[in-house]
S.K.: 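Here you go, one structure.
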Protein chains: 2
Amino acid sequence: MNYSTQYIAQQLKKSRENLGLSQRELSARAGVPQSHISKIESGNVDLRLSSLVAIARALELELALIPRKYVSAVNSIVGSAGSETSGQPPRPAYNLDG
Amino acid sequence: MNYSTQYIAQQLKKSRENLGLSQRELSARAGVPQSHISKIESGNVDLRLSSLVAIARALELELALIPRKYVSAVNSIVGSAGSETSGQPPRPAYNLDG
DNA sequence: CATTTTGATGCGTTATACCATATCAATTAA
DNA sequence: TTAATTGATATGGTATAACGCATCAAAATG
């Protein structure tokens, strides 16, 4: 819906894809129905904190409240790279078939 | 209710107090009724993402999803000190009248 | 003291997240 | 081609967040 909730939704989707999980696999891990995950990722659901935490945890993510003055510092650590652990080998961002 | 949602609630409360805001002042800033803020801070409400973001923003906080392997690094930056900017001068944690 | 501010609580209503379940088109695998 | 798998979507029911509004006791303030 609004700006930053959309952003959160996209982060969840990216993280799931980086882990090579299907929505149904994530559903099983997080205990949230696949249909709901779909809605959440598409960004038109104002999900509850419990759902957010459950899904985040299943994606090896932790929810945090960062004082605004530290956000850039935190970003430089996290590198806006969404947890590229395990799962399918992460494809490179470039493409040799130019 | 559960563990980490309780923690979020406490963070919000601490941040508000550190800024020297009353629940009603925060209510005006965040556009969330005082009665609801009270419930949220007491930890027995599973609030929605939009509410969380609205309140966090009014407290100079930003919501973030941190990959688990980076949480300790992030914590060492933020220092688990909840944004002690502006507002009433922060009282010292000690007390000279022993 | 009297007054104001503060956080907590209650109630009735509305909006909507959440669930189970099912279906479907498009993709991917056999 | 046939058979999974995947993401999106629909329906109907339940749970509950969120609202406005009011009230209250305790604490702070004058």
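What you see is a predicted model, and the numbers here were worked out from it, not measured in a lab. Letters A, B, ... mirror the listed sequences (proteins, then strands); counts begin at 1.
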S.K.: Within the structure shown, what part of the strands sits under 4.0 Å from B:S38 by heavy-atom distance: base, sugar-phosphate, or nothing?
M.R.: base
S.K.: Where along residues 26-33 of chain B does a heavy atom fall under 4.0 Å from DNA chain C?
M.R.: none
S.K.: Quickly work out the A:R48 CZ to C:dT16 C1' distance and round it to whole Å.
M.R.: 8 Å
S.K.: Let me test you: for the helix from C:dC1-D:dG30 to C:dA30-D:dT1, what is the angle between the axes at its two ends (five pairs each), rounded to 10 degrees?
M.R.: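 What I find for the helix from C:dC1-D:dG30 to C:dA30-D:dT1 is an axis angle of 50°.
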S.K.: For the residue pair A:I66 and B:V74, establish whether any side-chain heavy-atom pair is separated by less than 4.5 Å.
M.R.: yes
S.K.: It should be established whether A:R16 places a side-chain nitrogen or oxygen under 4.0 Å from OP1 or OP2 of nucleotide D:dG7.
M.R.: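 Indeed, a polar side-chain atom of A:R16 lies that close.
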S.K.: Below 4.5 Å, heavy atoms only, C-beta onward: do B:I37 and B:L12 meet side chain to side chain?
M.R.: no
S.K.: Using whole Å, report how far NZ of B:K39 lies from P of C:dT9.
M.R.: 10 Å
S.K.: Write down the distance between CG (A:L52) and C1' (D:dA17), rounded to a whole number of angstrom.
M.R.: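 Distance, rounded to whole Å: 16 Å.
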S.K.: Looking at B:L21, is its backbone amide N or carbonyl O close enough to the side chain of B:R16 to form a donor-acceptor pair, meaning the two atoms are under 3.5 Å apart?
M.R.: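 The answer is yes, because a donor-acceptor pair under 3.5 Å joins these two groups.
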S.K.: Considering the options B:K14, B:Q23, B:K13, which one meets the side-chain hydrogen bond (donor to acceptor under 3.5 Å, both in side chains) requirement together with B:E41?
M.R.: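 It is B:Q23, the one option of B:K14, B:Q23, B:K13 that forms the side-chain hydrogen bond (donor to acceptor under 3.5 Å, both in side chains) with B:E41.
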S.K.: Given atom CG of A:D46 and atom C1' of D:dC19, what is their separation to the nearest angstrom?
M.R.: 14 Å
S.K.: Return yes if the base of D:dC19 and the side-chain atoms of B:S35 contain a donor-acceptor N/O pair under 3.5 Å, otherwise no.
M.R.: no
S.K.: Between C1' on D:dG7 and CD on A:E25, what's the gap in Å once rounded to a whole number?
M.R.: 13 Å
S.K.: Could you say whether A:Q34 or A:L47 is positioned toward the 5' end of DNA chain C, judged by the nucleotide with the nearest heavy atom to each?
M.R.: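 Nearer the 5' end of the strand: A:L47.
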S.K.: Is there a side-chain contact between A:I8 and A:L47, using heavy atoms and a 4.5 Å cut-off?
M.R.: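 Heavy-atom side-chain distance check fails, nothing below 4.5 Å.
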S.K.: Report the distance from atom CG of B:N44 to atom C1' of D:dT16, rounded to the nearest whole Å.
M.R.: 13 Å
S.K.: From the list D:dA8, C:dC18, D:dA17, which nucleotide is the closest neighbour of the side chain of A:H36?
M.R.: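 Shortest atom-to-atom distance from the side chain points to C:dC18.
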S.K.: C:dC18 C1' sits how many Å from A:E41 CD, rounded?
M.R.: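 Distance, rounded to whole Å: 16 Å.
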S.K.: Can you tell me the distance, in whole Å, between the CD1 atom of A:I40 and the P atom of D:dA8?
M.R.: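 Between P of D:dA8 and CD1 of A:I40: 12 Å.
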S.K.: Compare all side-chain heavy atoms of A:L65 with those of B:S15 and state whether any distance is below 4.5 angstrom.
M.R.: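 No - every pair of side-chain heavy atoms lies 4.5 Å or more apart.
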S.K.: Taking B:S38 for the side chain and B:Q34 for the main chain, is one N or O donor matched with an acceptor at less than 3.5 Å?
M.R.: no
S.K.: State, to 0.1 Å, how close B:P67 and A:V78 come at their nearest heavy-atom pair, and which atoms those are.
M.R.: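 Where B:P67 meets A:V78 most closely, the heavy atoms are CD-CG1, 3.7 Å.
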S.K.: Among C:dA17, C:dA8, C:dC11, which is the nearest nucleotide to the side chain of B:Q23?
M.R.: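 Of all the options, the side chain of B:Q23 is nearest to C:dA8.
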S.K.: Any side-chain heavy atom of B:R57 within less than 4.5 Å of one from A:R68?
M.R.: yes
